[in-house]
Amino acid sequence: MNYYQILGLTPQATQNEIKKAYFKLLRVHSPEKDPEGFRKIREAYEYLKSVPVKEDGPSFPPFKERIEQRFADQVESAFKTRNYRLARDTAKEAWKYFPDDLFFLYWLVKAQRACGNTGNSAKNAEILVKKAPDNKWFWREYGFSLMERGFMNKAYGPLCKAYEMGIRDMDFILLFANECMEFGQHRKAAEILLEVVRQDKKWQKEDMVYMQAVYQGLSLTYFETGENGEEIFLRLCSFIREYRLLIRDRTDDWLDTLHKLISFVDFEIDRQKYSVLAETMASLGSVLNDPDSRKDTTDLLRKALIYILQKDSRICWALEYKSEMVFFPPTDDPFLNKFADMDSDLCMIAQREKIIAVEDVLRDEYPKFYEKIKDLIAVLKDESSAYSYKAKLLPQYAKASEVVTGGHFFKMYPEEKTRAFGTIIASGDKPYERTHKKIGRNDPCPCGSGKKYKKCCMGKN
């Protein structure tokens, strides 16, 4: 419900304007004549009077002369229409006549920066903070001006000062956090961004872009420090569930942030976190109409499952490999995918005893994966069936491996490659693979004598 709209106000309304609007509407929607209308405006008033007024700039004393007000109106009007040159020239002219009125110097700094006059903007912002060192907004503008001028190191101090004095608008927060990371102060950046997500407030649709950037920044601070990972993950999942309707048009960005976080090497995603992730993806998926977006939520959940399997010491390498093949076939080429399936199946046969030993673990703790491979496990449990299946697969796999690279089975078990391609003949301590057809008894002797092999060199070997 838009409480500002009910009272006929904008989100920039002051507490005094909120109060005036309420009492004005009260004369129209009295409790006796319009109880439903009264209930709505009363609810809106009670909510808005408790909302902190959003600061968007410094306060200045009233102007002493009418001409000052006319200059000020022109500057602000030019800014609203994005006519920054007019705003700059007007503020500059007014400051000449009223050098003690910091209103014009403040707007001159902002206009110069908007026009690309970063050198002048930085110089005038320095004058601002010298004239009024207790004004947090002046420190904000000084830091911004130095950054746009390219003085990144010099900007860090003024930005810290502005933050310590209470500047908290989202543009500033994101810029300052980024500056901290550039400056190597990753813990400071995390502190700044965590303060935002820990706020107990209702975010609006226009805040979603900012909040996605906040969580993106937090995932980077975790990557650099290895700290706060669990809190960031839980808060991010909670935010996605609560604001799923507002973020559904930008799900790719949110899923990318979440995926990057859980894919960092040091992030421990256990079964409890997986349950939170599954709940989050189900909640988000319920409001998505685009098939590709729904697929993205499923893929993220599958990737998380693979991460858990890879970090579970009970799960052997062959099962980890098979999980990747099951959930994410490597290509769109059916031939290559068939080769990958044969490769992973042969690896599982080679590690059948380890797999059989953890069947209960797979069934109870990884049911979605177990459902995909339970038929193969049934084959592995019977030794004769396992080796019959291997005998069936191996010739096809060997033939395919002559034209396909990337298989693991022959690399992990080179003796299997030898059996598939030829008989090993001992030659000292260095066996080799036969690469030619075996010589028959009645074939010509390879020594060139013209005799049959059985009458020549055969008996000498």
> Tell me the side-chain hydrogen bond (donor to acceptor under 3.5 Å, both in side chains) pairs involving residues 176-194, sequence neighbours left out?
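As it turns out, the side-chain hydrogen bond (donor to acceptor under 3.5 Å, both in side chains) pairs with a partner in residues 176-194, which skip direct neighbours, are Arg187-Glu227.
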
> Does CD in Glu230 sit with more than 12 non-hydrogen atoms of other residues, nucleotides or ligands closer than 6.0 Å?
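Result for CD/Glu230: open.
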
> Is any side-chain N of the basic residue among Arg235 and Glu231 closer than 4.0 Å to the acidic one's carboxylate O?
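Yes, this pair counts.
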
> Assess whether side chain to side chain donor-acceptor pair (under 3.5 Å) is satisfied between Asp207 and Tyr243, documenting all intermediate values.
CA-CA 11 Å; Asp207 297 320; Tyr243 294 99; over 6 Å; no

> Less than 4.0 Å between a side-chain N and a carboxylate O, is that true for Glu141 and Arg113?
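Judged by the 4.0 Å cut-off on N to carboxylate O distance, Arg113 and Glu141 do form a salt bridge.
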
> In Å and rounded to the nearest 0.5 Å, what is the CG to CD distance from Leu128 to Glu126?
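If we round to the nearest 0.5 Å, Leu128:CG and Glu126:CD are 10.5 Å apart.
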
> Could you tell me whether Asp256 and Lys260 make a salt bridge, using a distance below 4.0 angstrom between a side-chain N and a carboxylate O?
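Salt bridge flag = yes for Lys260 with Asp256.
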
> Say whether Tyr106 and Asn135, considering side chains only, have a donor N or O and an acceptor N or O under 3.5 Å apart.
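No donor-acceptor contact under 3.5 Å links the two side chains.
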
> Can you tell me how far CD1 of Ile232 sits from CG of Leu218, rounded to the nearest 0.5 angstrom?
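Leu218 atom CG to Ile232 atom CD1 measures 4.5 Å (nearest 0.5 Å).
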
> For residues Glu195 and Tyr163, determine if any side-chain heavy atom of one lies less than 4.5 Å from a side-chain heavy atom of the other.
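Side-chain contact under 4.5 Å: yes.
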
> When you look at CG of Asp364, are more than 12 heavy atoms from neighbouring residues, nucleotides or ligands closer to it than 6.0 Å?
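Yes, enclosed.
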
> Determine whether Met412 and Asp343 make a side-chain contact, defined as any pair of heavy atoms from C-beta on separated by less than 4.5 Å.
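Of all side-chain heavy-atom pairs linking Asp343 with Met412, none is under 4.5 Å.
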
> Are the side chains of Leu301 and Lys368 in contact, using a 4.5 Å heavy-atom criterion?
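They are in contact (side-chain heavy atoms under 4.5 Å apart), so the answer is yes.
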
> Does the gap between the ring centers of Phe79 and Trp107 come in under 6.0 Å?
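Yes: the rings meet the under 6.0 Å criterion.
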
> Should the pair Glu242-Lys202 be classified as a salt bridge under the 4.0 Å nitrogen-to-oxygen rule?
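A salt bridge links Glu242 with Lys202.
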
> Evaluate whether atom NZ of Lys92 has more than 12 neighbouring non-hydrogen atoms of other residues, nucleotides or ligands under 6.0 angstrom away.
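No.
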
> Between Asp270 and Lys273, does any NZ, NE, NH1 or NH2 come within less than 4.0 Å of an OD or OE carboxylate oxygen?
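A salt bridge links Lys273 with Asp270.
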
> In terms of heavy-atom contacts, does CZ of Phe410 have more than 12 from other residues, nucleotides or ligands at under 6.0 Å?
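Atom CZ in Phe410 is packed in, count exceeds 12.
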
> So, taking the atom named CZ in Arg294 and the one named OG1 in Thr297, what distance separates them when rounded to the nearest 0.5 Å?
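Between atom CZ of Arg294 and atom OG1 of Thr297 there are 7.0 Å.
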
> Are Ser275 and Glu279 packed together at the side-chain level, in the sense that at least one heavy-atom pair is separated by less than 4.5 angstrom?
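Ser275 vs Glu279: side chains apart.
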
> Exactly one of Trp137, Phe63, Phe98, Phe138 should register a ring pair (Phe, Tyr, Trp, His ring centres under 6.0 Å) with Phe103. Which one does?
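When ring pair (Phe, Tyr, Trp, His ring centres under 6.0 Å) is applied between Phe103 and each of Trp137, Phe63, Phe98, Phe138, only Phe63 qualifies.
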
> Could you pull out all residues at least two apart from Gln199 that satisfy side chain to side chain donor-acceptor pair (under 3.5 Å)?
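Gln199 satisfies side chain to side chain donor-acceptor pair (under 3.5 Å) with no residue once adjacent residues are dropped.
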
> Decide, yes or no, whether a salt bridge links Lys374 with Glu371 under the criterion of side-chain N to carboxylate O below 4.0 Å.
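Judged by the 4.0 Å cut-off on N to carboxylate O distance, Lys374 and Glu371 do form a salt bridge.
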
> Give me the atom names and distance for the closest heavy-atom approach of Leu7 to Ile18.
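Leu7 and Ile18 have their closest heavy atoms at CD1-CG2, 4.2 Å.
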
> Is the shortest distance from a Lys or Arg side-chain nitrogen in Arg314 or Glu365 to a carboxylate oxygen in the other one below 4.0 Å?
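So Arg314 pairs with Glu365 through a salt bridge.
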
> Can you confirm whether Glu353 is buried at CD, in the sense that more than 12 heavy atoms of other residues, nucleotides or ligands lie under 6.0 Å from that atom?
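Open: at most 12 neighbouring heavy atoms sit under 6.0 Å from CD of Glu353.
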
> Does any non-hydrogen side-chain atom of Asp290 lie less than 4.5 Å from one of Thr251?
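Not touching, per the 4.5 Å side-chain cut-off.
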
> Strictly by ring-ring contact (aromatic ring centres under 6.0 Å, His included), give each pair with a member in residues 320-342 just once, sequence neighbours left out.
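Residue pairs passing ring-ring contact (aromatic ring centres under 6.0 Å, His included), neighbours aside: Trp317-Tyr321, Tyr321-His408, Phe339-Tyr397.
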
> So, are Lys322 and Asp345 salt-bridged, with charged N and O less than 4.0 Å apart?
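The answer is yes: the pair qualifies as a salt bridge.
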
> Strictly under 6.0 Å, is that where the ring centroids of Trp203 and Tyr210 end up?
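So the answer is no for these two rings.
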
> I'd like to check Ile373 versus Leu362 (side-chain heavy atoms, cut-off strictly below 4.5 Å). Are they in contact?
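In short, these two side chains touch, coming nearer than 4.5 Å.
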
> Is there a side-chain contact between Val209 and Arg250 (heavy atoms, below 4.5 Å)?
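The answer is yes, as the side chains (C-beta and beyond) meet within the 4.5 Å cut-off.
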
> Can a donor-acceptor pair be found between the side chains of Tyr370 and Glu359 at a distance below 3.5 Å?
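The answer is yes; a qualifying pair exists.
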
> Measure the CD1-OG distance between Ile269 and Ser263 for me, rounded to the nearest 0.5 Å.
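Those atoms lie 10.0 Å apart.
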
> Begin from the C-alpha positions of Val276 and Phe233 and carry the test side-chain contact (heavy atoms from CB on, under 4.5 Å) through to its verdict.
CA-CA 9 Å; Val276 172; Phe233 171 77; 4.2 Å; yes

> Do the side chains of Arg39 and Glu36 get close enough for a salt bridge, i.e. N-O under 4.0 angstrom?
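Looking at Glu36 together with Arg39, the answer is yes, because their closest N to O distance falls below 4.0 Å.
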
> Check the surroundings of atom CZ in Arg363: do more than 12 heavy atoms from other residues, nucleotides or ligands lie under 6.0 Å from it?
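It does: Arg363 CZ has more than 12 such atoms within range.
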
> How far does CG of Leu159 sit from OH of Tyr156, to the nearest 0.5 angstrom?
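That separation rounds to 9.5 Å.
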
> Flag the pair Lys80 and Glu76 as a salt bridge only when some basic side-chain nitrogen lies within less than 4.0 angstrom of an acidic carboxylate oxygen.
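Looking at Glu76 together with Lys80, the answer is no, because their closest N to O distance does not fall below 4.0 Å.
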
> Under a 4.5 Å cut-off applied to non-hydrogen side-chain atoms, are Leu25 and Phe38 in contact?
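Heavy-atom side-chain distance check fails, nothing below 4.5 Å.
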
